[in-house]
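One-based numbering along the sequence shown.
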Amino acid sequence: MGIRRVSAAAVTAGAVLAAGAFTAPAQAATLKTPTIVAKGGFVMNNGTGKTLFTKAADTRRSTGSTTKIMTARVVLAQANLNLDSKVTVQKAYSDYIVDNNWASSAKLIVGDKVTVRQLLYGLMLPSGCDAAYALADKFGSGSTRAARVKSFIGKMNSTAKSLGLKNTHFDSFDGIGKGANYSTPRDLTKLAGSAMKYSTFRTVVKTKATKQKVMTKSGGYRYMSWENTNALLGSYSGTIGVKTGSGPEAKYCLVFAATRGGKTVIGTVLASSSVVNRTADAKKLMDYGFKK
């Protein structure tokens with residue numbers, strides 16, 4: 001009887017071990033790949049670079065205002081950058097908003113003197129195309145505004161090339177392109193990962209709202225209030241950025257990033273069908289990324 005008991009115990013233990021061996025993979029298999037509305041998507045572990053999700057990740061699409069990630073990236077890479085240097089708001093910047101129906105605005109006022117840092121907030125929070133124009137005018141090279149803007153867009157493209165973004169091209173400083181402004185979910189995610197290496201960029205894109213004191217033409221002061229268009233801030237735990245985008249061709253886009261438990265996932269959805277759906281798509285992909 002004693003021998004039988006030992007054998008039975010051994011068999012039982014073996015059965016438990018065997019069951020355990022089969023249970024673990026079965027549990028892992030329950031993590032289903034999410035379905036998203038967006039036509040393109042990509043998610044990676046920002047620390048390791050490991051790909052976690054792809055959907056048409058290398059298909060070129062219009063990017064809308066997610067283009068402004070590159071605008072900020074070019075500015076922040078300038079040698080001897082002084083974030084507190086002042087830029088006078090020109091009439092051309094406000095005229096540009098009037099002339100382009102899809103241009104979102106930071107509502108910059110002609111004659112005001114704003115700092116480069118403030119322009120970055122105006123660029124990334126309310127997605128100001130006027131702020132983008134001001135930065136391109138400030139950091140491009142040339143004797144005319146047109147030449148400076150062309151030079152700045154050239155810097156955007158050379159930066160894309162240096163980062164290995166083979167399916168990315170810019171023909172505008174803000175995403176309101178002329179048919180040759182495109183990228184992919186994979187490339188935009190890599191671009192965002194590069195931009196997030198700059199502390200100023202990280203600070204700006206995780207800011208939900210800001211109130212900035214600017215100097216008026218007469219030497220007085222006014223306050224500019226900007227709210228971030230990224231609905232993930234405050235609605236998804238751990239969100240640290242990054243940028244929304246939209247347009248007639250781009251539809252609704254979102255580059256997103258969040259950190260939980262020391263792990264950062266970063267990704268992009270392009271050509272979603274609405275503001276609500278692009279946010280829902282991003283949440284699904286980050287949930288999935290954190291479990292992978």
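- Heavy atoms only, all atoms of each residue included: Ala257 and Met286 are closest at C-SD, 4.1 Å.
- In this structure, Thr63 contributes its side chain and Thr66 its backbone to no donor-acceptor pair below 3.5 Å.
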Can you check side chain to side chain contact (heavy atoms under 4.5 Å, CB included) on Leu163 and Arg73, steps first, answer last? CA-CA 11 Å; Leu163 293 173; Arg73 171 68 173 71; 3.8 Å; yes

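- Listed by first and then second residue, the salt bridge (Lys or Arg N to Asp or Glu O under 4.0 Å) pairs involving residues 184-199 are Asp58-Arg186 (not counting sequence neighbours).
- No single ILVMFWY cluster, assembled from side-chain heavy atoms under 4.5 Å apart, contains both Leu52 and Val242.
- Every residue meeting the side-chain contact (heavy atoms from CB on, under 4.5 Å) condition with Ala38, not counting sequence neighbours, appears here in chain and number order: Ile36, Val269, Ser272, Asp281.
- The hydrophobic cluster containing Val275 also includes Tyr252, under a criterion of side-chain heavy atoms closer than 4.5 Å among ILVMFWY residues, counted directly or through chains of members.
- A donor-acceptor pair under 3.5 Å is absent between the side-chain atoms of Asn157 and the main chain of His169, judged by distance alone.
- Sparse packing is recorded around NZ of Lys39, with 12 or fewer heavy atoms of other residues, nucleotides or ligands lying under 6.0 Å away.
- Atom NZ of Lys263 is surrounded by more than 12 heavy atoms from other residues, nucleotides or ligands within 6.0 Å.
- Residues forming a side-chain hydrogen bond (donor to acceptor under 3.5 Å, both in side chains) with Asp95 (at least two apart in sequence, or on another chain): Lys91.
- Side-chain contact between Met156 and Thr71: present, with at least one pair of heavy atoms (C-beta onward) separated by less than 4.5 Å.
- No donor-acceptor pair closer than 3.5 Å links the side chain of Glu227 to the backbone N or O of Ser225.
- Follow the hydrophobic side-chain contacts under 4.5 Å out from Leu233 and you never reach Phe201; the two are in separate clusters.
- Side-chain contact between Asp130 and Tyr96 is absent, with no heavy atoms from C-beta onward closer than 4.5 Å.
- No donor-acceptor distance shorter than 3.5 angstrom exists from the side chain of Lys150 to the backbone of Gly142, with no hydrogens or angles considered.
- Annotation: side-chain contact (heavy atoms from CB on, under 4.5 Å) contacts of Arg260 (sequence neighbours excluded): Tyr236, Ser237, Asp287, Phe290.
- Within the 4.5 Å cutoff, side-chain heavy atoms of Thr279 are placed close to those of Leu232.
- Applying the salt bridge (charged side-chain N to carboxylate O under 4.0 Å, His left out) criterion to Arg117, with sequence neighbours excluded, gives Asp84.
- Summarising the local packing, NZ of Lys86 is surrounded by 12 or fewer heavy atoms from other residues, nucleotides or ligands at distances under 6.0 Å.
- The salt bridge (Lys or Arg N to Asp or Glu O under 4.0 Å) analysis of residues 158-184, with sequence neighbours excluded, yields no pairs.
- Of the possible polar contacts, one joining the Gln118 side chain to the Lys213 backbone as a donor-acceptor pair under 3.5 Å is found.
- With Trp226 contributing its side chain and Ala106 its backbone, the two residues share a donor-acceptor pair below 3.5 Å.
- Residues satisfying the side-chain contact (heavy atoms from CB on, under 4.5 Å) test with Arg60, not counting sequence neighbours, are Asn167, Tyr182, Thr184.
- When atom types are taken as modelled, the side chain of Asn100 and the backbone of Ala103 share no donor-acceptor pair closer than 3.5 angstrom.
- With sequence neighbours excluded, the residues forming a side-chain contact (heavy atoms from CB on, under 4.5 Å) with Ser62 are Glu249, Ala250, listed by chain and number.
- Looking only at distances, no side-chain donor or acceptor of Ser127 sits under 3.5 Å from a matching main-chain atom of Met124.
- Here Met215 is tied into one hydrophobic group with Tyr221, each link being a pair of ILVMFWY side chains closer than 4.5 Å.
- Listed by chain and number, the residues in a salt bridge (charged side-chain N to carboxylate O under 4.0 Å, His left out) with Asp137 are Arg145, Arg148 (sequence neighbours excluded).
- A side-chain donor-acceptor contact under 3.5 Å links Lys284 to the backbone of Thr35.
- Taking 4.5 Å as the limit, some side-chain heavy atom of Pro34 sits within range of a side-chain heavy atom of Leu285.
- Between Leu191 and Thr159, every side-chain heavy-atom pair lies at or beyond the 4.5 Å cut-off.
- Residues passing the ring-ring contact (aromatic ring centres under 6.0 Å, His included) test with Tyr93, sequence neighbours excluded: Tyr133.
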